[in-house]
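Below, all heavy atoms of this structure are taken into account, side chains as well, without hydrogens, waters or symmetry copies. We count residues from 1, following the sequence as given.
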Amino acid sequence: MKTLYLECNMGAAGDMLMGALYELLPDQEDFLKTMNVLIPGVTVTPRRAVTAGIAGTHMEVEIHGEREERPDLFQEHEHGHEHADHSHSHDPEHPHHHATPANIRGILDGLPVPEEVRKNAKAVYDRIAAVESAVHGVPVTEIHFHEVGALDAVMDVTGVCLALYLLRPDRVEVSPVHTGFGEVRCAHGIVPVPAPATARLLEGIPCCSGEISGELCTPTGAALLAFFGQSFGGMPVMTLEKTGYGVGAKEFPAANCVRAFFGEQGDPDQADIVELVSNIDDMTAEALAFAGERLMQEGALDISVSPLTMKKGRSGVLFTVLCKTRDEERMARAVLRETSTHGVRVRRCGKYILTPSVRTAETSFGQVPVKCADGFGIHREKPEYEAVAAIARERNLPFQQVWEQVLTESKQN
């Protein structure tokens, strides 16, 4: 299972996450070409940077050739990620970039990126809007983003979503998040660290203030970690393939970076899993589907629903959730929360699996990702569904016709 592990020992910001993921990409030029045509006049440039003797990448966003610098109003308290969350001058001569959730959605809807990237970027901003609404006590429709509504923040969020789309990890795991402590100046005045929006976004996620005074985790960084992270804790046992370093702009006693570890997790032949099983007879099909979506977001490996007859001859379903052994208690609590069941049965079992991978096949439709599975002398392939669906829509062809043609042509190369 391809796993991405994000180490946030010095917090996280959008540009640091994008820099770390950028170093993992096999085709960095393709990523930059896409990023630099998203919004006219806005560019992303990877800069080599060194922190505590460690070399990495700092992603620099320029708007019409200029970067908006903030003054060192609270140098002893601010972290200096140079992230869009708090990157703009608060001088009256340098007004903020204000944007409503609708403005941001309008920008994201127009970006020339895959639909999955747009969908995820909008979901990240929806999380920020929701917590801003709660923090300030106003409806979401009345929210005005300040720093996080700026174009450089939009680029950070989109860049992280695009990089993850290209990497396609099967699982994203995150370390406990170092938030820092003290105070920071933002558009609303001087606020404690972690900022109220950041604290809300990190609810349910292990974090600590640590010993460094300053804002180490920004709202955008917290939103991205909360959205993509499927579990939070120590680094899992995995065979590393590549490591990326996303570097912040300032030097600290500790290395100011996010580290991204990418590799294969678990025994390729056998894995331990947990089945969480419940009998349910009082939920609609729509409610069950919604519960399944929420549980997959929580980190479930798979979910199945089978019909059964319960006591008194009532029709019901067998609701089964598969998860990793370390996620057993957390996922059991999630099943109790998201469904109407009063109890969850636990079954621990072993599983033999084929090792998944993805290759790119040259076809008459262009390059198409093909999913592979190998093990025990078995090799299987099938085209990636979203890629086939996109071709079928673009060419106005039946899905099955595109699927079979891609499958045939992929076996020839």
Side-chain angles (χ1 to χ4, degrees), residues 3-25 28 44-62 67 69-87 152 156 159-160 163 167 172-185 193-195 198 202 205-222 224-225 228-229 232-236 238 240-263:
T3 298
L4 172 68
Y5 182 73
L6 298 172
E7 181 188 81
C8 304
N9 291 345
M10 285 291 283
D15 58 347
M16 296 172 74
L17 289 167
M18 178 164 53
L21 296 174
Y22 169 80
E23 292 204 340
L24 301 180
L25 294 173
Q28 296 175 339
V44 175
T45 305
R47 306 288 189 192
R48 296 304 294 167
V50 177
T51 177
I54 300 173
T57 298
H58 175 69
M59 301 301 283
E60 186 173 283
V61 178
E62 293 184 338
R67 295 180 65 247
E69 301 288 351
R70 66 158 180 237
D72 270 335
L73 296 175
F74 281 77
Q75 185 173 8
E76 70 274 22
H77 294 303
E78 291 192 341
H79 179 273
H81 280 318
E82 298 299 327
H83 179 261
D85 290 350
H86 298 288
S87 64
D152 46 1
D156 286 347
V160 171
L167 284 170
V172 179
E173 303 193 22
V174 183
S175 73
V177 181
H178 187 182
T179 65
F181 68 93
E183 295 175 326
V184 66
R185 180 184 290 274
V193 173
T198 302
L202 291 175
I205 296 174
C207 51
C208 66
S209 61
E211 300 180 355
I212 295 179
S213 177
E215 182 189 43
L216 304 188
C217 186
T218 67
T220 298
L224 287 164
L225 294 177
F228 286 108
F232 297 81
M235 184 176 175
M238 57 191 294
L240 287 180
E241 297 176 6
K242 205 167 186 181
T243 307
Y245 291 78
V247 179
K250 289 188 177 180
E251 284 293 330
F252 286 87
N256 182 20
C257 65
V258 166
R259 289 203 296 177
F261 300 90
F262 192 65

Do [X] and [Y] make a side-chain contact, defined as non-hydrogen atoms from C-beta onward lying under 4.5 Å apart?
{"X": "P236", "Y": "E173", "answer": "yes"}
{"X": "L24", "Y": "K242", "answer": "yes"}
{"X": "I54", "Y": "V247", "answer": "no"}
{"X": "M18", "Y": "V44", "answer": "yes"}

Would you find a donor on one side and an acceptor on the other, under 3.5 Å apart, between the side chain of [X] and the backbone of [Y]?
{"X": "R259", "Y": "C8", "answer": "no"}
{"X": "T57", "Y": "P46", "answer": "no"}
{"X": "Y5", "Y": "M235", "answer": "yes"}
{"X": "T179", "Y": "C208", "answer": "yes"}

List the steps and the verdict of side-chain contact (heavy atoms from CB on, under 4.5 Å) for T220 and L17.
CA-CA 10 Å; T220 298; L17 289 167; over 6 Å; no
Please walk me through it: do D15 and V61 pass side-chain contact (heavy atoms from CB on, under 4.5 Å)?
CA-CA 9 Å; D15 58 347; V61 178; over 6 Å; no
Among residues at least two apart in sequence or on other chains, which ones pass side-chain contact (heavy atoms from CB on, under 4.5 Å) with A222?
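Checked A222 against side-chain contact (heavy atoms from CB on, under 4.5 Å); matches are T198, L201, L202, C217.
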Under the salt bridge (Lys or Arg N to Asp or Glu O under 4.0 Å) test, residues paired with E60 that sit two or more places apart
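With sequence neighbours excluded, E60 shows a salt bridge (Lys or Arg N to Asp or Glu O under 4.0 Å) to R47, R67, given in chain and number order.
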